[in-house]
Amino acid sequence: IDNPGVEKLLEDKADFRQMTSLLSSNKLLQSIPLKMRKYMAGITTTERYKPNSLIRQAGQEIDAVDSLVRGEAAFMLNNKDNKYQPIGKLTPGELAGDASALRKATCPADIVAVSETVMAHIPLSCFTNVVEAYPPFKEKLLKHAQHQRTQIMRMVAKMGDHAGDAD
């Protein structure tokens, strides 16, 4: 209480440990050495979003790999009535935008906060450095990116099928 500088240092250390733990809980990131996860944790920032806030816009160039820390967020597409339709929820600790470390990419759909949400943003340059420095992770990320792409295409196709049913 008498030394606010020490209190701030302790809070920062606790935040760093919490971020390292969050990154370590991700199945994809578990394969990289702890030292690299700590490197990412030290650069990662968090941001709070109110319900129905836009986190990422479809077509926006990806500048960070996002991870849901708390709350609910979903990938959304506008339907023909210009209303959001969810195409997939983000789960806590799941990464969004990670494939952009392999090639320049844009956000495939809007990411919207469904409830009060906290997102972690790992700068793309940091994430790309880890991918390049650790080849086994790059191989895993390639497989993961292909799986994600397939899931998104299925969801979009399913949306198109349902739109045809309404006509």
Residues Asp63 and Arg56 bridged, charged N to O under 4.0 Å: yes

Provide the closest heavy-atom pair for [X] versus [Y] in the form atom of the first, atom of the second, distance.
X	Y	answer
Tyr39	Asn129	OH-ND2, 3.1 Å
Ser67	Leu22	OG-CD2, 4.2 Å
Cys107	Gln57	CB-O, 3.4 Å
Ala101	Leu141	CB-CD2, 4.3 Å
Leu34	Ser24	CD1-OG, 4.3 Å
Glu94	Lys89	OE1-O, 3.7 Å

Spacing of [X] atom [atom1] and [Y] atom [atom2] [to the nearest 0.5 Å]:
X	Y	atom1	atom2	value
Ile32	Lys138	CD1	NZ	14.5 Å
Arg70	Tyr49	CZ	OH	13.5 Å
Gln18	Leu23	CD	CG	11.0 Å
Met19	Thr46	CE	OG1	5.5 Å
Glu11	Lys8	CD	NZ	6.5 Å

Quick check: do [X] and [Y] have side-chain heavy atoms less than 4.5 Å from each other?
X	Y	answer
Leu68	Met119	yes
Arg37	Asn26	no
Leu90	Asp66	no

Please check: side-chain N/O of [X] versus main-chain N/O of [Y], any donor-acceptor pairing under 3.5 Å?
X	Y	result
Thr117	Ser115	yes
Ser21	Arg17	no
Asp110	Met76	no
Arg48	Glu116	no

Exceeds 12 heavy-atom contacts within 6.0 angstrom, atom CD of Gln30: yes

Side chain to side chain contact (heavy atoms under 4.5 Å, CB included) evaluation trace for Leu29 with Phe137: CA-CA 8 Å; Leu29 298 180; Phe137 179 56; 3.6 Å; yes

Matching residue for Phe127 among Ile62, Thr44, Val65, Ile43 - test: side-chain contact (heavy atoms from CB on, under 4.5 Å): Val65

Do [X] and [Y] share a hydrophobic cluster, counting only Ile, Leu, Val, Met, Phe, Trp and Tyr and linking them when any side-chain heavy atoms are less than 4.5 Å apart?
X	Y	value
Phe16	Val69	no
Phe75	Val118	no
Ile111	Leu95	no

Side chain to side chain contact (heavy atoms under 4.5 Å, CB included) involving Leu9 - partner list, sequence neighbours excluded: none

